[in-house]
Amino acid sequence: MEGILTMIIILYLIAHTPAIIMLIIGLRRLKTKPESAKTLLIIAGIYFLIGGGICGSLLTGG
């Protein structure tokens, strides 16, 4: 069971790497370019929300 949990966590992190990168870039640009930073943060949030829903639905089998 522990191996499956580790594999699920690794796959989750791989699938959300673009959102993590957008989040980091958005937080760094917040003071210099606030308009583009807000856009990146919104896109990253939507990516996390949709990705989490897809992962959750796949794990529950529904």
Side-chain angles (χ1 to χ4, degrees):
M1 188 68 178
E2 185 177 321
I4 293 173
L5 182 63
T6 305
M7 186 171 36
I8 290 171
I9 291 172
I10 290 171
L11 288 173
Y12 184 82
L13 289 175
I14 289 171
H16 283 85
T17 301
I20 294 169
I21 292 171
M22 283 189 285
L23 181 67
I24 292 170
I25 293 172
L27 289 174
R28 287 189 165 220
R29 284 189 178 183
L30 204 52
K31 290 192 178 189
T32 58
K33 298 179 181 178
E35 194 66 33
S36 65
K38 288 178 187 178
T39 305
L40 282 171
L41 292 174
I42 290 171
I43 292 172
I46 291 171
Y47 195 109
F48 278 122
L49 185 69
I50 293 173
I54 291 171
C55 283
S57 68
L58 287 175
L59 289 175
T60 58

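Nothing fancy with the numbering, it's 1 onward along the sequence. In this text the structure is predicted, and so the values were computed from the model without any measurement. Side-chain atoms are counted along with the backbone in the values below, which use heavy atoms only and exclude waters and symmetry mates.
- Note on Ile20: it clusters hydrophobically with Leu27, by side-chain heavy-atom contacts below 4.5 Å among ILVMFWY residues.
- Separating the OG1 atom in Thr6 from the CG atom in Leu11 is a distance of 11.0 Å, to the nearest 0.5 Å.
- Take Ser36 and apply the side chain to side chain contact (heavy atoms under 4.5 Å, CB included) test, not counting sequence neighbours, and it matches Arg29, Lys33.
- Summarising the hydrophobic clusters (Ile, Leu, Val, Met, Phe, Trp, Tyr; side-chain heavy atoms under 4.5 Å, direct or chained), the residues clustered with Ile14 are Ile10.
- Closest approach of Ala37 and Gly26 over heavy atoms only: CB-O, 3.3 Å.
- Residues Phe48 and Leu41 are members of one and the same hydrophobic cluster, defined by side-chain heavy-atom contacts under 4.5 angstrom among Ile, Leu, Val, Met, Phe, Trp and Tyr.
- Note on residues 19-47: pairs passing ring pair (Phe, Tyr, Trp, His ring centres under 6.0 Å), not counting sequence neighbours, are His16-Tyr47.
- For the pair Ala44 and Ala19, the tightest heavy-atom approach, listed with the atom from each and the gap, is CB-O, 3.7 Å.
- Considering CG of Leu23 and CD1 of Ile43, their distance stands at 12.5 Å, rounded to 0.5 Å.
- To the nearest 0.5 Å, the span separating NZ on Lys38 from CD1 on Ile42 amounts to 8.5 Å.
- From Leu30, atom CG reaches atom CG of Leu40 across 10.5 Å, with rounding to the nearest 0.5 Å.
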